[in-house]
Amino acid sequence: MPIAMVSPVLVGRAAELASIQVASERTRTVRSATILVAGEAGLGKSRLVAKAVADLDGDPLVLRGGCLELGAGGVPWTPFVAVLRGLLGEWGPDRFRAELPTDGSALAPWLPELSLAAAPGGQLRLFEEVRTLLERAARQRQVVVLIEDLHWADPSSRELFVYLVRNLGACSVLVLGTVRTGELPSGHPTRQLLAELGRLADVTELDLAPLDRREVGELVAAIEGRPADPAVCSDIHRRSGGNPLFVEALRASGSPTSAGLTRLLLDRVADLSADARRVLSTIAVAGGRVSDDVLTGVRDGDSDEALRELIDRNQLVVIADGYAIRHDLIREAVYGSLLPGDRRRLHARFARVLAERPGSSIALADHWLAAGESAMALSAAWQAAADAGRQHAYDEQLRLLDRVLTLWPDVDRPADLCRAGRVEVLAAAVEAALATGRSERGADYATEALTELDPKTDAYRTARFLGWRGLLLNRAGSTGVDDLVRAVDLVQSGTDDALRSLLLSWLAYVLALDGQRTRTRQCAEQALAIAERLGDDTLRAWALLPLGWADDRDGDPASASKRYAGVKAIAEAVGDHHLYLTAVQWDGLTLYRTGRMEEAVELLKTGQEFAERWGRTRARGSMLAENRAYGLYQLGRWDEMVEVVHNALAETPPPRYDAYLRLAAAMVAVRRGEFAYADDLLAAVDRILGEQRTPEVAPLQVGIRGLLRTLRGDLAGAHLVLSGYLSRLSATGEVFDHKVVSVLTAAASYQRLRRRAPKLELDALRRMLSDGVARSPRAAAALLTCTAAEHGTRTDWDAAVAAWRDVGDPYELAGALIGGAAAMVAGNNKPGARRRLAEARELADRLGAAPLLGQIEALAERAGIGPRSASAGAHGLTARELAVLRVVARGLSNAEVAKELFVSPHTVATHVASIFRRLNVRTRTEAVAVAHRDGLIPAATED
């Protein structure tokens, strides 16, 4: 097994740390307290208590002892011998002897180096001497007694532990114990110990839970020293069950499987009884969870004792009507340890039992396939696919249809088994691919069907597959227009008018995405006329959708929103989820373009919630998340935006949406000075898209790359990236799109910072953007900023500032304020410059925009109008990291820091990990000490 990479920070235990802090404070004023930290192996019990002890106030005396893994008959008193040796080291021999009875000591055998006289009195006298020593030590200084691994304690040590907990009384002693509870067999002495201690008022048991998905992301980010890939973290969370040890091991192995971990995992079940291991293997074959009645049918006998053992040992959890293996990794390891023949036989048993029960089609298909019964697997998979579709489980539906098509050539008379031909199966697969966003696969299915169809004898089905393929190719990066034109031509007016109306609407849809306004309106109006004649609301809604787009592009957003409202009403009534969510997306974009950002963000959030409810989180939900993320960016709600993006990426969205989400994350990463992370995101986008480039991707990439090079100081490279794209843009005719604003804002930043570098030529673009600028306040503000940078006058900069203030973009506003301050400095108006820089600094600090803060500091220093901020110190902390450090210095937890700075605990944990690395420290106390020493915390914020 590879050595696990260990996180430099503790993740996800804020409540437990707070409980230990509270107990510690109580010992100073009331009486002793005991905390038992319990949980299965790998949850981080030792790390938690180590962190808690390191963070305790007042420099307590920490006495540590650990139990040996030698069983109940192990060496007696081991942990407490270590505790007293710690006290001996603190006091020295003379003081230690002086605190013992003068007539001899029951502790003489423990500390032979002291040459103590042995005293009679038995176990009770020994217990009393240990208690007395601890109480006397606590008179001068709080004492923490830390006993690790109580589950391995010998009987004598357990009795002494209980005695101390019961009898320490009113003294400043905090007793901490860690105990592994998850895998202890029934009747284990530690279970009795916990039951006994649990009845005491001064004992608190902290049961550590696994990390949730967000916390796993924090852990991986802390290990890697940069934001982690959300999709990878989601997979690791599912595999690890949130166990930090497994998370670290999986990250070190570079693979979210149990490869390389098998021995560790199987060791956890090795000492189960033979029957318990057989039951665990059976449930592993079931897929990790199984109902009680199915398990009884497969086992054909009583399994109660084995089940109780597995539950007691924390290998199984009880679910509503059955059992589940706690960790998917353990299930995978147990399953992999079975012989192939045993696996096939067990799968066949499950299949026979499930075949007699309704509602088991999906599991039934999997078991027949694993049992090697292809014909039974094909029939079951076809039925299961239909069930999955009815439940809106479209990813599962597509997986099953893919299996049907794979098994089709290997089975005799498959059409009879399915009561459907291969083209019908391909049609179902294409529709499932549309629902899940698997555009390339769906286009391949459509192409396969088209090879089996003759357009002369089967024109309508051919047209439908052409229409589907056109939509899928459009989503995959092509236009799809040619296929849809062919499809419309195959369905002549007066034949199948409903199909013709739908195909005309689809053609209008892809023409809209291709930017062809005139043809979009023509096709959509034809489709609407047919729908009105037929009285078909669904067809009417499909036609209204591209008409809304055309209205928006023709400068009538009110009409567009009215049409979208009609689409949503019809789509909701008829249950067309795809149509409804697309209308939400396009309505949101209309709100964006008219400057109604807050409304757009809330609408898209609601759309995401509907997508999740309808089983479309991965595809349409991620599309809405991407659009919502850009709105949150423009509003300056960057932490919320990053969280939205990470949550969407964790669902492994389709490639196109994956790329857009990563570009959104890169927009923030660049502006926060996280250049290496931005490089990673851009490289991932290149890998995802390959040679595919949509008209919308290019301006985003160019804008991000141009700004990245600008902020890195590579102005020649920035000029090359931006000028080349702007020249091509000006030569294409109609150039306006809301994502082109990304290029314009990058150009504005370049113009402001270029100094001696060549300026960008924007006059031709200004002329061509005249109509678009009228519809886009952001584009207008960006061009005003470019003009101000070219001319450098206070009036021009004030116009840019006013424009960005109206738009509500705090980042661009801060940049324009810096430009205005520079113009003020040039005019020797230092008070005006100082006011502008103060506002810019506040905005940049709130956003965590480190490069902007650097520009502010550099200008203030050159002009002599303000002190250099500590955020630009030698440690290289970003502005947001510095803000987090200043709040941490006040003793607040991650959750409290998050509340004060209006960010998520996930974000705080990532920043704290980065602060530790930059300051080369391991604890918060050390970080605060370095901050005070190096002036990172100004006197005004120290309290």
Side-chain angles (χ1 to χ4, degrees), residues 474 481 501 504-532 537-572 579-604 606-607 623-624 627-628 630-631 634 695-696 699 732-741 744 765-783 803 806-808:
N474 180 268
V481 170
S501 175
L504 281 166
S505 293
W506 289 356
L507 176 56
Y509 176 91
V510 299
L511 288 168
L513 295 177
D514 198 41
Q516 300 187 43
R517 272 188 293 179
T518 302
R519 291 184 66 192
T520 295
R521 188 175 291 282
Q522 290 172 346
C523 291
E525 286 176 345
Q526 292 179 50
L528 182 61
I530 297 172
E532 296 288 4
D537 277 346
T538 301
L539 294 176
R540 183 181 293 114
W542 269 108
L544 288 172
L545 185 68
L547 282 172
W549 179 92
D551 288 347
D552 183 22
R553 292 311 194 275
D554 285 339
D556 192 351
S559 175
S561 290
K562 184 177 179 179
R563 292 192 194 270
Y564 295 143
V567 174
K568 286 185 282 187
I570 294 171
E572 189 170 16
L579 188 58
Y580 181 93
L581 295 173
T582 302
V584 169
Q585 179 201 15
W586 287 15
D587 197 10
L589 294 178
T590 296
L591 293 172
Y592 278 168
R593 276 186 279 270
T594 54
R596 296 158 66 185
M597 291 293 169
E598 294 282 0
E599 291 179 61
V601 165
E602 287 307 307
L603 174 65
L604 293 164
T606 301
M623 169 201 73
L624 293 164
N627 284 271
R628 179 180 165 205
Y630 286 104
Q634 293 172 28
E696 293 178 321
T732 60
E734 184 178 349
V735 297
F736 181 74
D737 183 274
H738 69 285
K739 290 187 172 66
V740 172
V741 176
L744 298 180
L765 186 62
R766 283 191 182 93
R767 290 192 296 271
M768 301 189 74
L769 281 173
S770 57
D771 291 339
V773 164
R775 298 196 305 276
S776 172
R778 286 181 56 77
L783 288 177
D806 288 342
V807 168

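We find the CD-OG1 distance between Glu602 and Thr606 to be 6.5 Å, quoted to the nearest 0.5 Å. Interatomic distance, CG of Leu544 versus NZ of Lys562, reported as 11.0 Å (0.5 Å rounding). Rounded to the nearest 0.5 Å, atoms CZ (Arg563) and OG1 (Thr590) are 12.0 Å apart. With values rounded to the nearest 0.5 angstrom, Cys523 atom SG is found 13.0 Å from Leu528 atom CG. Distance CG/Leu744 to CG/Leu783: 5.0 Å, rounded to 0.5 Å. Rounded to the nearest 0.5 Å, atoms CZ (Arg596) and OG (Ser561) are 6.0 Å apart.
Among Leu589, Asp552, Leu591, the one residue that satisfies the side chain to side chain contact (heavy atoms under 4.5 Å, CB included) test with Pro557 is Asp552.
A salt bridge links Asp551 with Arg521: the distance from a Lys NZ or Arg NE/NH1/NH2 to an Asp or Glu carboxylate oxygen falls below 4.0 Å. A salt bridge links Lys568 with Asp587: the distance from a Lys NZ or Arg NE/NH1/NH2 to an Asp or Glu carboxylate oxygen falls below 4.0 Å.
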Begin with the C-alpha distance, continue with both residues' side-chain angles, and end with the deciding distance and a verdict on side-chain contact (heavy atoms from CB on, under 4.5 Å) for Asp554 and Arg517.
-> CA-CA 8 Å; Asp554 285 339; Arg517 272 188 293 179; 3.2 Å; yes
Worked verdict on Ile530 versus Leu539 for side-chain contact (heavy atoms from CB on, under 4.5 Å) | CA-CA 8 Å; Ile530 297 172; Leu539 294 176; 5.6 Å; no
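Listed for the Tyr564 side chain is no donor-acceptor partner under 3.5 Å among the backbone atoms of Ser559. At least one donor-acceptor pair under 3.5 Å links the side chain of Tyr592 to the backbone N or O of Gly631. When atom types are taken as modelled, the side chain of Tyr580 and the backbone of Ala569 share no donor-acceptor pair closer than 3.5 angstrom.
The minimum heavy-atom distance between Ala527 and Ser501, with the atom names listed, is O-OG, 2.9 Å. Heavy-atom minimum distance, Gln585 versus Leu604: CA-CD2, 4.0 Å. When all heavy atoms of Asp537 and Ile570 are compared, the closest pair comes out as O-CG2, 3.2 Å. Taking all atoms of both residues into account, the shortest heavy-atom contact from Ala560 to Gly548 is CB-O, 3.1 Å. Of all heavy-atom pairs between Ala524 and Leu547, the closest is CB-CG, 3.5 Å. Looking at every heavy atom in both residues, Thr538 comes nearest to Leu579 through O-CD2, 4.4 Å.
Taking 4.5 Å as the limit, some side-chain heavy atom of Gln522 sits within range of a side-chain heavy atom of Thr518. In this structure, the side chains of Met597 and Arg778 come closer than 4.5 Å at one or more pairs of heavy atoms. With contacts defined as side-chain heavy-atom distances shorter than 4.5 Å, the pair Leu511/Trp549 does not qualify.
Qualifying ring-ring contact (aromatic ring centres under 6.0 Å, His included) partners for Tyr509, counting only residues two or more places apart in sequence or in other chains: Trp586.
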